[in-house]
Number of protein chains: 2
Amino acid sequence: MTRRPGEIPLLIAMAFRVMTDQLHAGIEAEGREPLRPAHGYTFRFLLGRDDATTVDLADHLGVTKQAASKIVAELEGWGYVERRPHPTDGRARVLGLTAKGRTYVEHADELWRQAEDRWASIIGADRLDRLHEDLRAFVDASGGRAALRPVW
Amino acid sequence: MTRRPGEIPLLIAMAFRVMTDQLHAGIEAEGREPLRPAHGYTFRFLLGRDDATTVDLADHLGVTKQAASKIVAELEGWGYVERRPHPTDGRARVLGLTAKGRTYVEHADELWRQAEDRWASIIGADRLDRLHEDLRAFVDASGGRAALRPVW
DNA sequence: CGCATTAGTCAACCGAATTGACCATATCAG
DNA sequence: CTGATATGGTCAATTCGGTTGACTAATGCG
């Protein structure tokens, strides 16, 4: 088969767009704060670790600590995230999800599941699983953790 | 298999990042103008049609006509694109690739091929083909042509 | 102890988009 | 044919999300 070169990245960009748009539509319909993908990735990051600082988040997102700090401030203002003093380091603040934050993540997971299910219903769950593996393999092989950043 | 919900979009974003970064590295190494993804998509769009106006491009990219106009102006300044008067519509200008623009596209195709080959060498060409189909199926089923826009 | 490093903030700036106002040409209804 | 409306394009101001740079305060290693 002859793939047109450059088509895969284009399709990837579009697929990402479609999925996030679907999620975003779901969120907006609920009259929620204007949460952006970066916020979602922040939630997911904080779920995993309970000792993360703003600098850690910045590193994870692939942005400067100032930018990460802004994001955190926003989320804190909306009550999704809280900053607690670090137990041992007087300079640092430990980030954590509030109850509201955790509730939101569960809700978002449901929406993601729906988006993924839509895709699965088109190509089949097994192929979606394989696609998942292939994406993972490519990303892992390419330095493991690509910056998440704005994409153009 | 239990996929973690929300992981696929994350991986998609990362995969896109990785591919475009690889391409960008190739371009930059050649001391070329700072071409961005939007420029690439513009080239690809103009290759297909020879009667496109700035408004058409804006629609394709999913941005305002002002934004598209800036992109075109930039590309025109670098000699990749030219604006000719529209044969029948006195307001409009027809966009077209210059020889330099077409040469560039061929070159970019080569770089894309390389990026895709890298992926194929990891997961196998047949799986990449299938992945390509699956992306296409999803995008087509979701309104066919998602806006290309900034992705977060 | 002293000095380089690090977490975080404040402020200025930047790039790439947006909105809004506008002009000139096209198109359509009467 | 003419007048109203829609459309392609430009100019200017603003917005948004990020960056760079300078700084403070706490850390931790020699």
Side-chain angles (χ1 to χ4, degrees), chain A residues 13 17 20-21 24 28 33-42 45-46 49-78 81-96 147-152, chain B residues 13 17 20-21 24 28 33-42 45-46 49-78 81-96 147-152:
Chain A
R17 251 326 258 203
T20 53
D21 281 355
H24 196 74
E28 203 164 12
E33 293 91 352
L35 292 165
R36 283 165 283 128
H39 297 129
Y41 294 140
T42 299
F45 176 66
L46 294 182
R49 359 188 355 180
D50 62 345
D51 60 340
T53 68
T54 301
V55 171
D56 294 333
L57 174 63
D59 189 56
H60 175 71
L61 294 178
V63 299
T64 59
K65 57 183 179 175
Q66 293 93 325
S69 183
K70 272 189 199 177
I71 290 172
V72 170
E74 221 170 11
L75 290 177
E76 193 181 24
W78 291 332
V81 164
E82 57 185 3
R83 281 189 266 209
R84 287 185 297 273
H86 192 285
T88 68
D89 189 332
R91 299 164 300 177
R93 312 290 219 98
V94 174
L95 305 179
L148 250 36
R149 292 251 228 137
V151 132
W152 109 22
Chain B
R17 247 332 254 204
T20 53
D21 282 354
H24 196 74
E28 201 164 14
E33 294 91 351
L35 293 165
R36 283 166 285 126
H39 296 128
Y41 294 139
T42 299
F45 176 66
L46 294 182
R49 359 187 355 180
D50 63 344
D51 60 341
T53 68
T54 299
V55 170
D56 294 334
L57 175 63
D59 188 56
H60 175 71
L61 293 179
V63 299
T64 59
K65 57 184 179 174
Q66 293 92 325
S69 183
K70 272 191 198 173
I71 290 172
V72 169
E74 221 170 13
L75 290 176
E76 191 180 27
W78 291 333
V81 164
E82 57 186 3
R83 280 189 266 210
R84 287 185 297 273
H86 192 285
T88 67
D89 189 331
R91 300 164 299 176
R93 312 289 220 97
V94 174
L95 306 178
L148 251 36
R149 294 252 227 143
V151 132
W152 112 20

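Residue numbers start from 1 in every chain, and the chains themselves are labelled A, B, ... in the order their sequence lines are given, proteins ahead of strands. Predicted, not measured: the structure shown is a model, and the values here were computed from it.
- Using a 4.0 Å cutoff on non-hydrogen atoms, the parts of residues 87-96 of chain A near DNA chain D are A:T88, A:D89, A:G90, A:R91, ordered by number.
- The distance between atom NZ of A:K70 and atom C1' of D:dT19, rounded to the nearest whole Å, is 9 Å.
- Straight-line distance from the CD atom of A:E74 to the C1' atom of D:dT15: 14 Å, rounded to whole Å.
- Residues B:D89 and B:T53 fail the side-chain proximity criterion, which asks for heavy atoms closer than 4.5 Å.
- Under a 4.0 Å N-O distance rule, the pair A:R36/A:E74 qualifies as a salt bridge.
- Summarising the geometry, the separation between NE2 on B:H86 and P on D:dT7 is reported as 15 Å, rounded to the nearest angstrom.
- Residues B:R83 and B:V94 fail the side-chain proximity criterion, which asks for heavy atoms closer than 4.5 Å.
- Here B:T53 reaches the OP1 or OP2 of D:dG9: one of its side-chain N or O atoms lies under 4.0 Å away.
- Screening B:T64, B:D59, B:V63 for a side-chain contact (heavy atoms from CB on, under 4.5 Å) involving B:L61 leaves a single residue, B:V63.
- Taking only side-chain nitrogens and oxygens, A:T54 never comes nearer than 4.0 Å to OP1 or OP2 of C:dA7.
- Looking at heavy atoms from C-beta onward, A:T88 lies in side-chain contact with A:H86 at the 4.5 angstrom threshold.
- In this structure, the side chain of B:T42 engages the main chain of B:A38 through a donor-acceptor pair within 3.5 Å.
- Atom CG in A:L57 sits roughly 10 Å away from atom P in C:dG8 (whole-Å rounding).
- Contact detail for B:T20 and B:R17: the closest heavy-atom pair is OG1-O, 3.1 Å.
- Close to D:dG9, at under 4.0 Å from its OP1 or OP2, lies no side-chain N or O of B:S69.
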Would you tabulate the nitrogen or oxygen pairs shorter than 3.5 Å linking the protein to nucleotides 19-23 of chain C?
unit_1 : atom_1 : unit_2 : atom_2 : d
C:dT19 : O4     : B:Q66  : NE2    : 3.4
C:dG20 : O6     : B:Q66  : NE2    : 2.5

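- The aromatic rings of B:F45 and B:H60 lie parallel to each other, with less than 30° between the two planes, well short of the 60° mark.
- One atom, CD of A:E76, and another, C1' of C:dG8, lie 13 Å apart when rounded to the nearest Å.
- Following rounding to the nearest Å, A:R84 (CZ) and C:dA7 (P) show an atom-to-atom distance of 18 Å.
- For the atom pair A:L95 CG and A:D56 CG, the distance stands at 8.0 Å (nearest 0.5 Å).
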